[in-house]
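Got a structure for you, questions after.
Not measured: the values here are computed from a predicted model. Chain letters run A, B, ... following the sequence lines, proteins first, then strands; residues in each count from 1.
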Amino acid sequence: TSEYIALPYHGRHTKSVTAVKIAPTYANVAASASADKTVHLWKLPNPGVRSPKVLTPKLTITGHTEGINDISFTSDSRFLATASDDKTVRIWDVQRGSASALVELSGHTNFVFALAFNPSSNLLVTGGFDEKVKMWDPRTGACVSTIEAHSEAVTSVSINQDGTCIASSSFDGLVRLWDTSTCSCLRTFYAEGNPPVSSALFSPNGKFVLTGTLDDRLRLWNINNVSSANGGCAKTYEGHRNSQLCSHPAFVTADRSNPRIVSGSEDGRVHVYGVNSRGTQQVIEGHGDAVLAVDSSGQVDMMATGGMEKDPTVKFWAPKSARLV
Amino acid sequence: MVCTPMKQDEVKESEEMSVTALQYNRRGTLLAVGYNTGKIIIVDSITMCILREIPKLRSMAGAAVVGIGWSKDNRVMWYFTESCKMLRIDFENSPFVAGVTDLAPQLATREKANVSSLVSCVVHPRFQYFALVTSAGSLFVLEVGKEVKRVNEGGDWRLVSKLHIIEVCVGGEISSAVLSKKGGQIFASDAHSQVHVYNYSSVQKSAELVHKIPVSGCKLPLTNIALSAETIKILHDPVMGSSVQFSGCCFAGEGSHVVGLIKGQGGRLMVWETETGKLMTTLEGGKEEEGKVLTSNIFGDIVVGTGVGRCWIYGNRGGAEGGEGGVEAFATNFQTLRKNVEYVEREDELDMGGGGGGGLERTGGGEEGAEGAEGGKAGGGMEGEEEDVDIITTHKAPMFESDSEDEEATFKLGIDR
């Protein structure tokens, strides 16, 4: 009863799904971004209510001139930021469903690949292929700081739970921690062999950083122990395939007694690992193509996944015990 | 602590504007700046952008803002004006001004004067009361409570605000006041170089004088006081000595440093280390008439509000030398050298495969010799990774939980020379 099964509906894009996020305050609302230059907002049907198998998006965001790489909700789920290959970041009011972006943030000189709001939602951090991490005031659109963060494309940014620290990852193999207020580098760490890093994500309590590297591994780093002396890698997870594409894992913490990590795989599967056991709890035959986008709800035990070109669908998963089926 | 001017307030409308009040919210993320014209702006501490501008009310033209207080959730702000008006701002609703209360008649009656005006106001951490200092040198405590009252004859019962004013010291030449961390004590400085200590009791609704402490060696009126748990030393300009006067002071870095605003020198600041009394640095200001000084306990910024309406914000941005932000943070293979230390190169330093030279240090941790099963089902065998980790539990920062802490001893009476 704790194994995830597919909910009887899914969403669809016309090109690869690049990012999926479940709204922080509404477990039945999710957003998905795609290379087809759109973001769809999905409202999931209530359990027991008959619904069509293919969902109609509640809202479709258009406006970017190139594919969208990442999305982030504000803490109140009212606004959504999108990062695109057109080198801009835009902020949308999804509650009102306005047709045009509220703010457009321009400054990156190459694809904007990753972004994240801080918990107070008064700061937006972005990372791009121009190797920079930028901080923005989302209300005014002003660029507050620019950090020459890496020597290759920035693949992921994450902010800790109190907004004081930013983690950035890059194809240069490094993960760096930055002080939000001073923009100073606090730590740099990397795995043996220096594999390109495709993702970096703070744990819910901000004490650990989960990184995905293109050596088919996820690593959980204790940021207080990271040093050249003892490494600081607390856990390593392997079993999924990730050697070419940027896949972003997620923490599953709705069941606090059984925290897990979910990761997409380039073979179309979705792997669920136990945080402490490091073992694979479940392998889901998720999609017909690589899965790069996964997210988990913090409120109910539910996940969303998105597939690439050959299967550009957004699927939702929940255990039978969650009574969402 | 290296501080450089970061950004100045761009809302300078006229030469007549000056900063009269500064207050950070509880988490240090928002800075409220009050002006002599009655206007207030709200600045985001992280982005340094002006978020809101609260215009002066027409009915209070020319009444300077003398004190500002934030609610815990940043949704409500109170501020006091020179003309004894208390305004409540509700940011959730528009229009912002939720209520205006005129305290002038009540204060004037108690001071037996025709008119009263406020010099400063301090807000209790949990909004139990406000400490008001008037231009006549009186200190009052204003409590704002609620009571159920029938508004009109035969009308509905409504919850209305009730003001209760406590006379703490009338005509005592009080110049400024601060509160202890939990608001149980009020410290007021006067024109005779004394600090009055009052115990405030919310039960008896009174404030009782418990100490009158002369600041020994000081013959000048006290302009400002700030509190810390440590013994206070005498801090002064080591070169100019007592010829340098200060118009304001505050603690920075949670008491590790003291910031003094020099009077009449265009916003110059002096920063001392509290423990040693050593002068750390002098910060040049904007060559403008100084007004107020305030520090943020969260970010360590120092704000100086000037007499021409600008705010100079000094922050430790861009990374400090050594330690965090130093070379080690960027490349774990490197070490920051101390200044003026000659680096002695080891013989084998540049040898290929030798100690310390070339290649990346192993930081993967525990992977050598590990055998991960195909398909990763077992996932075991990684050395050093058996210990359980907690990724969920968050420990609250004590600075935001002041209500749960005991009231500490505020200061010792002796002064070390």
Next item on the list: Below 4.5 Å from any heavy atom of chain A, which atoms of D44(B) appear? Answer side chain, backbone, both or neither.
Entry: side chain
Check: So, do E387(B) and K235(A) sit near enough that their side-chain heavy atoms are less than 4.5 Å apart?
Finding: no
Item checked: Region of F202(A) that comes under 4.5 Å of a non-hydrogen atom in chain B -> neither
Check: Nearest heavy-atom pair of I392(B) and P204(A): which atoms, and what distance?
Finding: CA-CB, 4.4 Å
Note to self: At a 4.5 Å cut-off on heavy atoms, which part of R256(A) comes close to chain B: side chain, backbone, both, or neither?
What the structure shows: both
Next item on the list: Heavy atoms only, distances under 4.5 angstrom: which of W136(A), W178(A), F208(A) has the most pairs with chain B? Name it, please.
Entry: F208(A)
Notebook entry, point to check: What residues form a side-chain hydrogen bond (donor to acceptor under 3.5 Å, both in side chains) with S296(A), not counting sequence neighbours?
Noted result: none
Check: What pair of heavy atoms forms the shortest contact from E385(B) to C233(A), and how long is it?
Finding: OE2-SG, 3.9 Å
Item checked: Distance (rounded to the nearest 0.5 Å) between N222(A) CG and I391(B) CD1 -> 12.5 Å
Check: At their closest point, which heavy atom of V275(A) faces which heavy atom of V389(B), and how far apart are they?
Finding: CG1-CG2, 3.7 Å
Next item on the list: Side chain from CB out, backbone as N, CA, C, O: work out which of these in L220(A) comes under 4.5 Å of a heavy atom of chain B, or both, or neither.
Entry: side chain
